J.: 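Just dropping this structure here.
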Amino acid sequence: MAIDTIFALSSGAPPAAIAVVRISGPAAANALVALAGRLPHPRRASLAVLTDPQSGELLDHTLVLWLPGPATATGEDSVELHLHGGRAVVAAVEAALARIPDLRRAEPGEFTRRAFANGRIDLAEAEGLADLLSAETELQRRAAQAMASGVLSRAVNDWRTSLLSLSAQLEAALDFSDEDDVGDGIGALPEGFAAGCTALASEIGAWLSRPRAEPLREGFRVVLAGPPNAGKSTLFNALVEAEAAITAPQAGTTRDVLTRSVALDGVPFTFADTAGLRDDGAGEIERIGIARALAEAASADLVLWLGPEGEGPQGAPLWEIEAQADRDDTSAKSAPVCRVSALTGQGLAALRNALVAHARSALPKPGEAALNTRQHRLLSDVAAAVLLAPDERDPLLAAEQLRLARRALDALVGRTGTEDMLDALFGRFCIGK
């Protein structure tokens, strides 16, 4: 099956000082010759005059790079056109490229998907790159950079080598069980096999115990909960520094979950304002909001409870907050984490600092790679299989456990996988990446 040659704008949207158009595929060299009239020296920036192959019209005076594969970002022959960054210039060059035979516009993430397909990056690195492109805080950037640079991939290669070594011990036990130097018989596992499995599972367990990637990517999720008129919406607005939630003295003003994502001292947060929790007097719509509030609190990374002490929802870490501290009628809590007044600003700085410190302890450390849900599930399967292997009395069954572990490792870095999963991942990328 013939491979298409693709092109796309790979820099920011024009206007800009420079606009980089990438071309990748077997017809990349022909496309450059069609536009510039020649093929420059490989991997050397060259000044070129680009003209429309059909009309001969001048398109741009620009720098071009000819990058023959496979030592390129995509593993294919590639070209970069460093154009003047006006909208009209980019549009004219893209239109000319579209008229060249065997060229087409790239789909979102198609350049990176070709890099994956051609072995330039693995799936874990591609996931890290996707997170890097969407990173908005320094913590997100550094964690994504670690994953994109192959920290997990290198660990996976080491674990796979260890698995192969353990498998080789079992093969020796199976093939030469009658020789004294490789085991005590077909029913015995090799000496040191159990210790090797335990050591490998311990290494993997250290990764599994790390904070996960989702709270870092989506923001540490803080839910404000309490009865009606407890000051949730007012505190929510103060924390996100915007009049995002409607505040009013009437009970039931907030009827749905309202979320805002912000960064505090470089730490990503998602704050959620919820409907007031009460048993009596709620209408049908408000009851739906209360059910959603309870569900939101159950899945939160942290609940700020503004209601009576000790009556907060169960199922998630909870801080007792004494809100509306400026009011005389506020019932004092015996040991609140913070006493605040969103109206006067009392205690707000202390609450923000406490939230930042708590989130930092729960999120990956700066520059530390973090596992997402898919990676954590597969690595858990690896650890479980490795721990089960020494419990098998038959080397054949132990070898099967190690085979399952290797298969899960292969899936983690994309040596095996499904097209649906790959479509979902690379669909996160922009066109031109």
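Note: hydrogens, waters and symmetry copies are ignored here, and every other heavy atom, side chains too, is used. Being a predicted model, the structure only gives us computed values, none of them experimental.
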J.: For Gln54, enumerate each residue passing the side-chain contact (heavy atoms from CB on, under 4.5 Å) test, keeping only those at least two apart in sequence or located in another chain.
T.: Asp52, Arg99

J.: Taking all non-hydrogen atoms of both residues into account, name the closest pair between Ser11 and Ile18 and its distance.
T.: OG-O, 4.0 Å

J.: Determine which pairs satisfy salt bridge (Lys or Arg N to Asp or Glu O under 4.0 Å) with at least one residue from residues 379-388, sequence neighbours left out, and list them in order.
T.: none

J.: Can you name the side chain to side chain donor-acceptor pair (under 3.5 Å) partners of Thr270, sequence neighbours left out?
T.: Ser261

J.: Suppose we screen for side-chain contact (heavy atoms from CB on, under 4.5 Å). Which residues come up paired with Ser46, at least two apart in sequence or across chains?
T.: Arg38, Pro40, Val64

J.: Can you tell me if Glu94 uses its side chain to pair, donor with acceptor, with the backbone of Ala91 under 3.5 Å?
T.: no

J.: Kindly write out the residues that satisfy side-chain contact (heavy atoms from CB on, under 4.5 Å) with Val262, not counting sequence neighbours, or none if the list is empty.
T.: Val240, Leu264, Phe269, Phe271

J.: Can you see which heavy atom on Pro395 is nearest to which on Leu170, and at what distance?
T.: O-CD1, 4.1 Å

J.: Please check this pair: side chain of Asp77 against backbone of Gly69, looking for a donor-acceptor N/O pair closer than 3.5 Å.
T.: yes

J.: Give the minimum heavy-atom separation between Leu152 and Ala124, together with the two atoms involved.
T.: CD2-CB, 4.0 Å

J.: Test Arg104 against Thr5 for side-chain contact (heavy atoms from CB on, under 4.5 Å), laying out the working first.
T.: CA-CA 6 Å; Arg104 65 169 174 82; Thr5 298; over 6 Å; no

J.: Can you tell me if Arg44 uses its side chain to pair, donor with acceptor, with the backbone of Trp66 under 3.5 Å?
T.: no

J.: So, Asn118 side chain and Arg120 main chain: donor-acceptor pair closer than 3.5 Å or not?
T.: no

J.: Quick one: list whatever passes salt bridge (charged side-chain N to carboxylate O under 4.0 Å, His left out) with Glu309, sequence neighbours left out.
T.: none

J.: Applying side chain to side chain donor-acceptor pair (under 3.5 Å), name anything that partners Glu125, two or more places apart in sequence or on another chain.
T.: none

J.: Indicate the atoms forming the closest heavy-atom contact of Ala8 with Phe111, along with that distance.
T.: CB-CE1, 3.8 Å

J.: Scan side-chain atoms only and decide if Asp273 and Ser233 contain a donor-acceptor pair under the 3.5 Å cut-off.
T.: yes

J.: Measure from the side-chain N and O atoms of Ser202 to the backbone N and O of Thr198, and report whether any donor-acceptor pair falls under 3.5 Å.
T.: no

J.: Check the pair Trp319, Leu355 against side-chain contact (heavy atoms from CB on, under 4.5 Å), reporting the backbone distance first and the verdict last.
T.: CA-CA 10 Å; Trp319 284 3; Leu355 286 170; 3.7 Å; yes

J.: Just jot down the side-chain contact (heavy atoms from CB on, under 4.5 Å) partners of Ala36, sequence neighbours excluded, or say none.
T.: Leu32, Ala48, Leu50

J.: Would you mind reporting whether Ile321 and Cys338 have side-chain heavy atoms less than 4.5 Å apart?
T.: yes

J.: Apply the test side-chain contact (heavy atoms from CB on, under 4.5 Å) to residues Ile3 and Glu76: give CA-CA distance (whole Å), side-chain angles for both, the deciding distance (0.1 Å), then the verdict.
T.: CA-CA 10 Å; Ile3 299 174; Glu76 303 173 331; 3.8 Å; yes

J.: Got a salt bridge between Glu127 and Arg374, using NZ or NE/NH1/NH2 to carboxylate O under 4.0 Å?
T.: yes

J.: For Thr274 and Leu224, indicate whether the former's side chain and the latter's backbone hold a donor-acceptor pair under 3.5 Å.
T.: yes

J.: Using the side chain to side chain donor-acceptor pair (under 3.5 Å) criterion, which residues pair with Thr373? Sequence neighbours excluded.
T.: Arg212, Glu214

J.: With Glu218, which residues qualify under side chain to side chain donor-acceptor pair (under 3.5 Å), at least two apart?
T.: none

J.: Let me have the donor-acceptor pairs involving side chains of residues 356-367, under 3.5 Å, with sequence neighbours excluded, atom names and distances please.
T.:
unit_1 : atom_1 : unit_2 : atom_2 : d
Arg360 : NH2    : Asp265 : O      : 2.8
Ser361 : OG     : His358 : O      : 2.6

J.: Please report the C-alpha distance between Phe236 and Arg260 in whole Å, then the side-chain angles of each, then the deciding distance to 0.1 Å, and finally whether the side-chain contact (heavy atoms from CB on, under 4.5 Å) criterion is met.
T.: CA-CA 9 Å; Phe236 174 82; Arg260 285 290 186 275; 3.8 Å; yes

J.: I'd like to know if the side chain of Gln145 reaches the main chain of Arg141, judged simply by a donor and an acceptor atom lying under 3.5 Å from each other, with no hydrogens or angles considered.
T.: no

J.: Per the side chain to side chain donor-acceptor pair (under 3.5 Å) rule, what does the pair list look like for residues 402-413, sequence neighbours excluded?
T.: Arg160-Asp410, Ser167-Arg406, Glu400-Arg403, Asp410-Arg415

